[in-house]
Amino acid sequence: MTTEQCGQDQLPIGLFDSGVGGLTVLDAMRRLMPGEDYLFLGDTARVPYGAKSQKTIVRYSLQAAAKLIGQRIKLLVIACNTATAAALPALRETWPDMPIIGVIEPGSRAACEASPSGDIAVIRSGAYAEAILRRRPEAQVRSLACPLFVPLAEEGWFDGPIAEGVVSRYLEPLFEKSPAPDCLVLGCTHYPMLAAAIRKVVGPEVHIVDSAATTAEVVKRRLADKGLAHPQAGRTGRIRFFITDDPQRFTRTGSLFLNMTITDSDVRLVDLENVPLPDAAETPTQRKSS
Ligand code: DGL
């Protein structure tokens, strides 16, 4: 059956990220909803988004979303913290009928619920601090920069002495003090790969909030509410990948992130620069993101 013939509930879920990090969100989603089909776009030619201006991140995100929506998808996940923070309102304004879910709101809600003390550490993303303080104005949010975490994860060094050494160098100063935060938010989609090393350093009591898992739960609920969950029970969905640069590096690192073999035939090189955007995308207004 072609996507033209099938019902909306049988369409794939689209996800995009600046690179491979969003595969942790895809991994959480495929574990929770194995019967769904997924189309993942990694803008590997233009990663990282974090170093770009907001205007550029919005343009890149509109192009990525337009590419996925042009393929027919039933729901879009922005599997990237940077793109969620910069572009979620613009995407919702451009495609008001498409359910669009970012990673920051699910992650910050989970952090607010998980932290009895309200003393919450966030690695990397300022947008989490805003979202947490909107929900819990009395919270104390401590932001940490851990710039070596992304290259470590991309290298596949998820645990062992090197990963643990780097993680403890960044996190120990905060977590060995008393009182220490009781919750740690992983504010980048690469970081769940380092969760075991992080757990070793922060100890068993600290709640580690991984927006991949919480976003997957939000997506599952949204599909159920909208009657869009795949109707065929027991099936195993198909996963396809669009990328904008060298497939070889993506298949290697992506296979590590997903813990499954990505083959060349699953991956297609696409061009985002020339994707036609809807008229509404030309002047999206800037609103608060979540
Ligand atoms: N995975 C992206 C995120 O969660 C990576 C960061 C970037 O491209 O700046 O923000």
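The residues of the chain are indexed from 1 along the displayed sequence. In each ligand, atom 1 is the first atom listed, and ligand 1 is the first ligand listed. Just so you know, these numbers come straight off a predicted model, no measurement behind them.
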Quick one: nearest non-hydrogen protein atom to [atom], plus distance?
atom                    : value
atom 3 (C) of ligand 1  : Asn81 N, 3.3 Å
atom 10 (O) of ligand 1 : Thr82 OG1, 2.9 Å
atom 8 (O) of ligand 1  : Ser18 OG, 2.6 Å
atom 1 (N) of ligand 1  : Thr189 OG1, 2.5 Å
atom 6 (C) of ligand 1  : Arg124 NH2, 3.3 Å

Between [X] and [Y], is any pair of side-chain heavy atoms under 4.5 Å apart?
X      : Y      : value
Pro12  : Lys74  : no
Leu76  : Leu15  : no
Val218 : Ile101 : yes

Q. Non-hydrogen atoms of Gly19 versus ligand 1: any pair closer than 4.0 Å?
A. no
Q | Donor-acceptor pair, side chain of Ser255 and main chain of Ile262, under 3.5 angstrom | A | yes
Q) Between Tyr191 and Phe149, how do the two ring planes meet: parallel, tilted or perpendicular, split at 30° and 60°? A) perpendicular
Q: Please identify which atoms of ligand 1 are closer than 4.0 Å to at least one heavy atom of Gly50.
A: 7 (C), 8 (O), 9 (O)
Q: Go through ligand 1 atom by atom and flag the ones less than 4.0 Å from a non-hydrogen atom of Asp17.
A: 1 (N), 2 (C)
Q.
One residue to check: Pro48. Relative to ligand 1, which of side chain, backbone, both or neither has a non-hydrogen atom less than 4.0 Å away?
A. both
Q.
On a heavy-atom basis, which atom in Glu36 and which in Arg235 lie closest, and how many Å separate them?
A. C-NH1, 4.1 Å
Q.
Out of the candidates Asp43, Thr56, Asn81, only one should pair with Tyr49 under the side chain to side chain donor-acceptor pair (under 3.5 Å) rule; please name it.
A. Asp43
